[in-house]
Engineer: 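Structure provided below as structure tokens; questions to follow.
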Amino acid sequence: MVKDITIGQFFPGNSFIHKLDARAKILSCFVLIIFIFLCKNFASMGLMCFLICFVYALTRLSPKLMAKSLKPLVPIIILTSVLQLYYNNTGDVLWSYKKITITDGGIYTAIFIVVRIVALLVISSVLTYTTAPTDLTDAIEKLLSPLKIFKVDIHTFAMMMTIALRFIPTLIDEIDRIMSAQKARGADFESGNLLKRIKALFPIFIPLIISSFKRAFELADAMSCRCYVGGKGRTRMRKMSFSYRDAIAGVITVVICGAIIFMNFQFEALI
Amino acid sequence: MSVLSVKNLEYAYSKGTPFQIGALKGVSVDFNLGEIVGVIGHTGSGKSTLLQHLNGLLKPESGEILFEDENIWSSKESVRKCRFGVGLCFQYPEHQLFESTVFEDIAFGPKNMGLSESEIKERVLESIKFVGLTEDYLNKSPFDLSGGEKRRVAIAGVISMKPKVLVLDEPTAGLDPVGKNDLLDLIKSYNKTTNSTVIFVSHNMDDVALIADRVLVLNDGNIVMNGTVPEVYSKGSELLKLGLDVPEITRVFLKLHEAGFDVPTDVYTVSDGKEKLLEFLKRGKMNG
Ligand SMILES: Nc1ncnc2c1ncn2[C@@H]1O[C@H](COP(=O)(O)OP(=O)(O)OP(=O)(O)O)[C@@H](O)[C@H]1O
Ligand SMILES: [Mg+2]
């Protein structure tokens with residue numbers, strides 16, 4: 001089951017979204033994430049969801065892939081929204097029993113929280129699913145390069161981000177491997193009460209941390225063996241270039257964001 | 001009598017993603033009590049995938065696995081029973097070791113079986129001796145061992161559960177010739193002393209000829225041959241087509257036969273070869 005989490009993985013392809021320049025993708029993704037939080041009513045949220053579904057469809061990746069990746073996170077999402085239902089007491093009271101009061105404000109917030117988390121996960125997955133890790137670093141580095149005047153080491157920062165992203169699937173594989181090794185010798189992760197199951201997870205994390213350190217040292221060695229000394233004096237093999245596709249993506253992003261602002265003014269804000 | 005049988009097993013990796021790979025496409029096979037079965041097939045033919053189904057690490061998409069005539073996925077107890085009854089040694093020993101000391105690692109299985117402290121200790125000592133390591137290793141970290149030592153510890157960790165079926169994925173890979181022969185002897189003696197079934201994967205045709213009673217040949221997720229060593233190895237040209245080969249000693253005899261010498265071509269082990277060759281020479285002397 002842990003293997004189903006595909007966050008951070010790259011699925012090569014040939015779609016419109018795959019061909020977009022990584023900088024354009026990061027920027028649009030960033031803007032859309034901000035606007036996910038600015039959607040205040042069903043009209044604007046609906047428009048946002050439509051756009052996200054449309055973008056996902058453009059990647060030509062199977063919807064099952066996304067669904068599978070979201071599945072392990074369902075309990076967390078539900079928990080967050082139930083907490084909202086309980087704690088948020090704005091608006092008209094619909095139902096109340098002892099200390100629990102459910103208000104329409106609470107319901108709206110709960111719904112919006114679910115939609116927002118899912119939208120966030122989908123849009124950020126679209127970015128990592130369709131962008132090769134190397135392109136992602138190059139793009140982050142380019143986009144942050146103005147910060148160089150403040151003497152920030154952008155290259156190292158971008159490299160760290162990529163390595164972190166790159167290693168999410170590796171860590172998931174590692175967890176799977178350790179669980180298999182323990183299962184093969186009779187460890188039981190499936191039965192028993194919650195406490196027992198959580199306890200069975202501890203023996204996984206210690207070997208995981210040990211092997212992560214080992215891996216980090218090996219990676220550092222491998223990088224120095226290929227003469228990696230940080231960003232100074234490094235040149236690029238490939239130049240990134242914007243194309244008409246990026247212009248189309250930019251225009252669509254701007255238009256949708258404009259429409260969301262318009263709808264926020266036009267209709268009553270629910271949260 | 002069959003202890004473990006596989007019926008119409010199908011499995012695909014990364015189902016539902018663009019990377020989907022059909023690894024097993026309808027495999028059926030029976031494993032009998034007390035026999036040694038060698039599994040061969042080229043890289044990526046599905047050997048490891050098949051082995052991981054045998055103790056319930058992977059769950060079949062369709063088809064079933066019966067351990068002592070009970071479907072291992074029929075209940076939680078049956079899966080557990082199968083995990084202890086069928087001991088699996090992974091292809092890469094590093095993938096199997098996780099505890100902080102060799103002792104803890106070997107003791108992991110017996111602990112899960114719920115054995116008493118003293119019995120666990122006894123089994124650990126017995127297993128480490130069985131695989132030919134001294135007790136000095138027990139306090140080392142399994143990650144500080146050499147590849148061959150890791151392999152031995154990994155095997156000790158499995159046989160400490162005294163499984164009825166011992167499943168080994170490429171146990172001889174990366175060992176020196178002496179270490180390899182030791183390990184093959186060890187497998188054979190485990191099979192003899194406990195009357196257990198042993199199933200092992202190997203890329204080395206000579207190893208299979210040396211200890212296996214039966215050979216399974218996998219190709220692209222299907223079993224294409226299943227028979228005794230002479231039955232399978234006599235089909236040299238078919239094996240070549242599958243990216244495999246016959247043992248070196250067999251090739252020597254085939255070449256001799258081609259060159260006009262009257263030697264048998266069904267020779268699969270070096271010791272057998274030596275006898276046949278001596279026989280041939282003796283005959284030559286009598287005639288000439
Ligand atoms: N964890 C995995 N995820 C995705 N695909 C896999 C995984 N493990 C194996 N495969 C694929 O399944 C197929 C069968 O693999 P398997 O490991 O069973 O081969 P094998 O016969 O053991 O090969 P080898 O001799 O190299 O060990 C291969 O095509 C392989 O690429
Ligand atoms: Mg294998």
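Treat the numbers as computed from the prediction; the structure is a model and nothing was measured. Chain naming here is simple, since letters A, B, ... match the order of the sequence lines and numbering starts at 1 in each.
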Engineer: If we ignore angles and hydrogens, is there a donor and acceptor under 3.5 Å between the side chains of Gln20(B) and Ser14(B)?
Structural biologist: no
Engineer: Tell me, side chain or backbone of Leu61(A) under 4.5 Å from chain B's heavy atoms, or both, or neither?
Structural biologist: side chain
Engineer: If we only count heavy atoms from C-beta on, is the Gln182(A) to Glu99(B) side-chain gap below 4.5 Å?
Structural biologist: no
Engineer: Using a heavy-atom cutoff of under 4.5 Å, enumerate the residues of residues 136-155 of chain B that contact chain A, numbered in order, or state 'none'.
Structural biologist: Phe143(B)
Engineer: Inspect the contact between Arg215(A) and Glu218(A) and indicate whether a charged nitrogen and a carboxylate oxygen are less than 4.0 angstrom apart.
Structural biologist: no
Engineer: Which residues pass the salt bridge (Lys or Arg N to Asp or Glu O under 4.0 Å) test with Lys111(B), not counting sequence neighbours?
Structural biologist: Glu104(B)
Engineer: May I ask you to name which of Val79(B), Val158(B), Asp105(B) has the most heavy-atom pairs under 4.5 Å with chain A?
Structural biologist: Asp105(B)
Engineer: Looking at Asp176(A) and Lys183(A), is any side-chain nitrogen of the basic one under 4.0 Å from a carboxylate oxygen of the acidic one?
Structural biologist: no
Engineer: Classify the side-chain pair Gln91(B)/Ser48(B) by whether it contains a donor and acceptor separated by less than 3.5 Å.
Structural biologist: yes
Engineer: Could you name the residues of residues 54-74 of chain B that have a heavy atom within less than 4.5 Å of a heavy atom in chain A?
Structural biologist: Asn55(B), Leu57(B)
Engineer: For atom CZ of Arg80(B), decide whether the heavy atoms of other residues, nucleotides or ligands shown that lie under 6.0 angstrom number more than 12.
Structural biologist: yes
Engineer: Please enumerate all residues that pass side chain to side chain donor-acceptor pair (under 3.5 Å) together with Lys25(B), with sequence neighbours excluded.
Structural biologist: Asp220(B)
Engineer: Phe54(A) and Tyr56(A): aromatic ring centres closer than 6.0 Å?
Structural biologist: no
Engineer: Before accepting this row, confirm whether a basic side-chain N of the pair Lys129(B)/Glu135(B) lies closer than 4.0 Å to the acidic partner's carboxylate O.
Structural biologist: no
Engineer: Are the side chain of Thr59(A) and the backbone N or O of Ile17(A) linked by a donor-acceptor pair below 3.5 Å?
Structural biologist: no
Engineer: Is it the side chain or the backbone of Phe98(B) that comes within 4.5 Å of chain A heavy atoms, both, or neither?
Structural biologist: both
Engineer: Side chain from CB out, backbone as N, CA, C, O: work out which of these in Phe90(B) comes under 4.5 Å of a heavy atom of chain A, or both, or neither.
Structural biologist: side chain
